[in-house]
Amino acid sequence: MSAGMSLKITTLNLNGIRAAARKGFFDWFARERPDVLCVQETKAQRAQLDGNALFFPEGYHAFFHDAEQRGYSGVALYARQEPDEVRTGLGWPEIDREGRWLEARFGKLSVVSFYMPSGTSGAQRQDFKYTFMEPLLDHLKSLCEAGREYIICGDWNIAHKPIDLKNWRSNQKNSGFLPEERAWLDRLFDEAGFVDAFRLVNLEAEQYTWWSFRGQAWDNNTGWRIDYHMITPGLRERVRGAEIYTAERFSDHAPLTLAYDWELQAG
DNA sequence: CGTAATACG
């Protein structure tokens with residue numbers, strides 16, 4: 001019987017870390033104080049943030065994996081405890097130059113900030129997404145089998161089931177809810193063994209994490225659940241609370257926080 | 001419609 005500590009982890013696609021900061025995101029972060037914060041779409045280079053204390057909050061170690069292209073993509077991770085090791089990228093140049101993967105290792109637990117390519121801008125980017133998904137599934141399988149526990153947080157850019165978006169009927173031919181993408185998530189769960197930690201503890205409808213800026217999507221709650229904590233099966237029994245924070249709006253996504261019954265090992 | 005640079009989501 002282990003009465004472990006609670007580990008609180010938040011993920012959020014910021015749609016620009018500087019814009020999110022102007023909207024008060026770092027005030028929320030300071031109030032909420034998760035143990036680990038995973039963010040995506042920083043849309044900034046490290047050099048554009050250096051020297052601004054806002055982006056380096058007291059009590060946190062900050063790590064960045066920027067895209068080569070200015071103002072584009074990029075992920076980051078903030079941790080109260082210093083990780084034993086940080087790995088940026090997957091070792092795949094096509095993906096790594098877009099800054100989409102950052103892993104922090106704490107003992108036998110890894111926390112990843114991940115940003116799946118979007119296919120919404122056209123066929124070329126959808127092909128890029130599919131071309132990446134194929135080897136990624138094998139890679140995720142190997143992670144699941146490696147004897148470590150993983151919490152892969154981020155914007156996966158795929159809604160899994162009709163319950164995960166408002167207008168599922170009209171979106172079946174749109175990127176993010178294509179049958180092939182949904183089947184890939186099925187394989188992530190059924191073959192690789194990953195678990196959608198939020199869905200494990202919350203079975204309600206209309207639990208969205210993204211709303212288009214266009215029209216009145218936010219006001220009408222016309223959303224999609226495309227941000228996830230994907231966890232290895234060993235963590236299944238350790239998921240405690242789950243919350244999507246919508247009281248304030250820092251970007252087109254909402255912060256997704258889960259608590260785990262887990263104590264980080266001292267480095 | 002929004003971020004951040006003239007593309008991408």
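Side chains are part of it too, since the values below use all heavy atoms of this structure and drop only hydrogens, waters and symmetry mates. Every chain is numbered from 1, with letters handed out A, B, ... down the list of sequences. What you are looking at is a predicted structure, and each value in this text was computed from that prediction instead of being measured.
In A:R31, the CZ atom is crowded: over 12 heavy atoms of neighbouring residues, nucleotides or ligands sit closer than 6.0 Å. Annotation for A:E85: atom CD counts as buried by contact number, over 12 foreign heavy atoms lying within 6.0 Å.
With respect to the salt-bridge test (charged N to carboxylate O, under 4.0 angstrom), the residues A:K8 and A:E32 qualify. For the pair A:R240 and A:D261, the salt-bridge criterion is met [side-chain N within less than 4.0 Å of a carboxylate O].
Listed by residue number, A:K43, A:Q48 are the residues of residues 43-55 of chain A with a heavy-atom contact under 4.0 Å to DNA chain B. Residues from residues 154-170 of chain A that place a heavy atom under 4.0 Å from any atom of DNA chain B: there are none.
Between A:D252 and A:I17, the residue whose closest nucleotide on DNA chain B is further toward the 5' end is A:I17. With the nearest nucleotide of DNA chain B identified for both A:Y72 and A:G16, A:G16 has the one nearer the 5' end.
Nucleotides of DNA chain B that come within less than 4.0 Å of any heavy atom of chain A span, from the 5' end to the 3' end, B:dC1 to B:dG9.
A:F25 belongs to a hydrophobic cluster whose remaining members, ordered by chain and number, are A:L12, A:L14, A:I17, A:F26, A:W28, A:F29, A:L37, A:V39, A:L49, A:L54, A:F55, A:F56, A:Y60, A:F64, A:Y78, A:Y245, A:F250; membership requires side-chain heavy atoms of ILVMFWY residues under 4.5 Å apart, directly or through intermediates.
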For salt bridge (charged side-chain N to carboxylate O under 4.0 Å, His left out), just list the numbers for A:D196 and A:K161, CA-CA rounded to whole Å, side-chain angles, deciding distance to a tenth of an Å, and then say yes or no.
CA-CA 12 Å; A:D196 174 356; A:K161 293 187 171 171; over 6 Å; no
Apply ring-ring contact (aromatic ring centres under 6.0 Å, His included) to residues A:F114 and A:W101 and explain how you reach the verdict.
CA-CA 5 Å; A:F114 170 57; A:W101 182 276; 5.6 Å; yes
Could you go through residues 178-186 of chain A and list every donor-acceptor pair under 3.5 Å that involves a side-chain atom there, pairing it with any protein atom two or more places apart or in another chain?
residue, atom, partner, partner atom, Å
A:E181, OE1, A:G176, N, 2.6
A:E181, OE1, A:F177, N, 3.2
A:E181, OE1, A:L178, N, 3.1
A:E181, OE2, A:Q126, NE2, 2.9
A:E181, OE2, A:K129, NZ, 2.8
A:E181, OE2, A:G176, N, 3.4
A:R182, NE, A:H160, O, 2.8
A:W184, NE1, A:M133, O, 2.9
A:D186, OD1, A:H160, NE2, 2.7

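Aromatic ring pairs are classed by plane angle as parallel below 30°, tilted from 30° to 60° and perpendicular above 60°; the pair A:H61 and A:F63 is parallel.
Taking atom C1' on both nucleotides, B:dG9 is separated from B:dA5 by 14 Å, rounded to a whole Å.
Residue pairs meeting the side-chain hydrogen bond (donor to acceptor under 3.5 Å, both in side chains) criterion with at least one member in residues 107-117 of chain A, sequence neighbours excluded: A:Q40-A:S113, A:E41-A:Y115, A:E103-A:S110, A:S110-A:R148.
Heavy atoms of A:R22 sit under 4.0 angstrom from primed sugar atoms or phosphate atoms, though from no base atom.
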